[in-house]
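Chain naming here is simple, since letters A, B, ... match the order of the sequence lines and numbering starts at 1 in each. Not measured: the values here are computed from a predicted model.
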Protein chains: 2
Amino acid sequence: MSEALRQFKSAIFQGLAHPTRIAIVELLREGELPAGKLIEQLGLEQANASQHLAVLRARQIVVSRKHGNQVYYSIRDRALIDVLEILRHYFYSQLSGAMNMLREVEAETPEPHHRTIQS
Amino acid sequence: MSEALRQFKSAIFQGLAHPTRIAIVELLREGELPAGKLIEQLGLEQANASQHLAVLRARQIVVSRKHGNQVYYSIRDRALIDVLEILRHYFYSQLSGAMNMLREVEAETPEPHHRTIQS
DNA sequence: CTTGTATATTCGAATTTTCTAATATACAAT
DNA sequence: ATTGTATATTAGAAAATTCGAATATACAAG
């Protein structure tokens, strides 16, 4: 695989490499939404939301459509939604692994005795 | 979806958000390989490769196994390979879109006249 | 035990990303 | 024209990532 293609692929991963952008994409799964709704639902700063949307636009992950005063965002390629759906299974299997790790760590760490302020 | 889960998801995307790490994962699709082979195949600096492998390990994308002098790496969850395979279709559809864009840009940009040094 | 080989870690500089605050733009409504 | 609302962009600081150079660790071979 060419270096250019690898750059391209990693750029798309990078587009999704932030919790806020994941949240935006997940919200858009149902269909298009104006930027304002995204901001409201996610409790974001306006400027910050706009910057993250710019990243998603630059990576061609979303497209925008202006109507009147508002800008409506939607996922550009519906295939991405399928991809995310498939990833969900992966995430959950990873997650259960991660939780197992957590449990192991907890088991190894001796439960600290409950102490009063004086002890 | 919880913030924690979004962080987790974005962490995995971030793990793949670098051309070198994409290259590593692609090489590991066939099966496990020692770090040295990865370095050799990709022409990487030893330290740099090791750092990228550390990122992939931290994200639980790969696992390592020590045998004698060498450390063998493999993809932790085969499901990731399927995921990448599915993503391939997405990448190509995106790529053809990108190439169309390029062609349009080229069409708009007037072909510069071929000039000699004197002109 | 010394040497060689494979890999990992640390350090500091360079780059990139992310954030907030401020400002700009675009359009609607009056 | 002016004002209000929605969104984007800019600027600069803070944080995170990436890199090469140097060093450390782990193991094998002699």
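Residues passing the side chain to side chain contact (heavy atoms under 4.5 Å, CB included) test with E3(B) are P19(A), R6(B), Q7(B), sequence neighbours excluded. In this view, I39(A) and Q46(A), A49(A) satisfy the side chain to side chain contact (heavy atoms under 4.5 Å, CB included) rule, not counting sequence neighbours. Checked against side chain to side chain contact (heavy atoms under 4.5 Å, CB included), L5(B) has the following partners two or more places apart in sequence or in another chain: Y92(A), L95(A), M1(B), S2(B), F8(B), K9(B). The salt bridge (Lys or Arg N to Asp or Glu O under 4.0 Å) search around E32(B) returns R65(B), not counting sequence neighbours. Scored by the side chain to side chain contact (heavy atoms under 4.5 Å, CB included) test, E40(A) finds K37(A) as partners (sequence neighbours excluded). Taking R57(A) as the reference, nothing meets the salt bridge (Lys or Arg N to Asp or Glu O under 4.0 Å) condition, with sequence neighbours excluded. N48(A) meets the side chain to side chain donor-acceptor pair (under 3.5 Å) test with H52(A); sequence neighbours excluded.
What separates CG of L53(A) from C1' of dT18(C) is a distance of 15 Å, to the nearest Å. dT16(C) atom P lies 18 Å from atom NE2 of H18(A), rounded to whole Å. A straight line from NZ of K66(B) to C1' of dA26(D) spans 5 Å, rounded to a whole angstrom. The CG atom of L38(A) sits 10 Å away from the P atom of dA8(D) (whole-angstrom rounding). One can place CG of L16(A) at 15 Å from C1' of dT17(C), the figure rounded to the nearest angstrom. Distance, Y72(A) OH to dA8(D) P: 13 Å, rounded to whole Å. In this structure, R59(B) places its CZ atom 11 Å from C1' of dA16(D), rounding to the nearest Å. When rounded to the nearest whole Å, the span between CD1 of I39(A) and C1' of dA8(D) equals 10 Å.
How far NE2 of H18(B) is from CD1 of I24(B): 9.5 Å, rounded to the nearest 0.5 Å.
Y73(B) comes within 4.0 angstrom of the backbone, heavy atoms only, and of no base.
Within the 4.0 Å cut-off from OP1 or OP2 of dC27(D), not a single side-chain nitrogen or oxygen of H67(B) is found.
Sorted by residue number, the list of members of residues 22-32 of chain A with any non-hydrogen atom under 4.0 Å from DNA chain C is empty.
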Polar-atom pairs under 3.5 Å, protein N or O versus N or O of nucleotides 2-6 of chain D: list them with distances, or write none.
from, atom 1, to, atom 2, distance (Å)
dT5(D), O2, N69(A), ND2, 3.2

Could I get a table of every N or O pair under 3.5 Å where one atom is in the protein and the other is in nucleotides 9-15 of chain C?
from, atom 1, to, atom 2, distance (Å)
dT10(C), O4, Q51(B), NE2, 2.9

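If you find the closest nucleotide of DNA chain C to R21(A) and to S64(B), the one lying nearer the 5' end belongs to S64(B).
Closest non-hydrogen pair, A35(B) versus L53(B), comes out as CB-CD1, 4.1 Å.
Contacts classified as salt bridge (charged side-chain N to carboxylate O under 4.0 Å, His left out) and involving residues 79-92 of chain B (residues at least two apart or in different chains) are given here: E26(B)-R88(B), R29(B)-E85(B), E85(B)-R88(B). Note on residues 10-22 of chain A: no pairs pass salt bridge (charged side-chain N to carboxylate O under 4.0 Å, His left out), not counting sequence neighbours.
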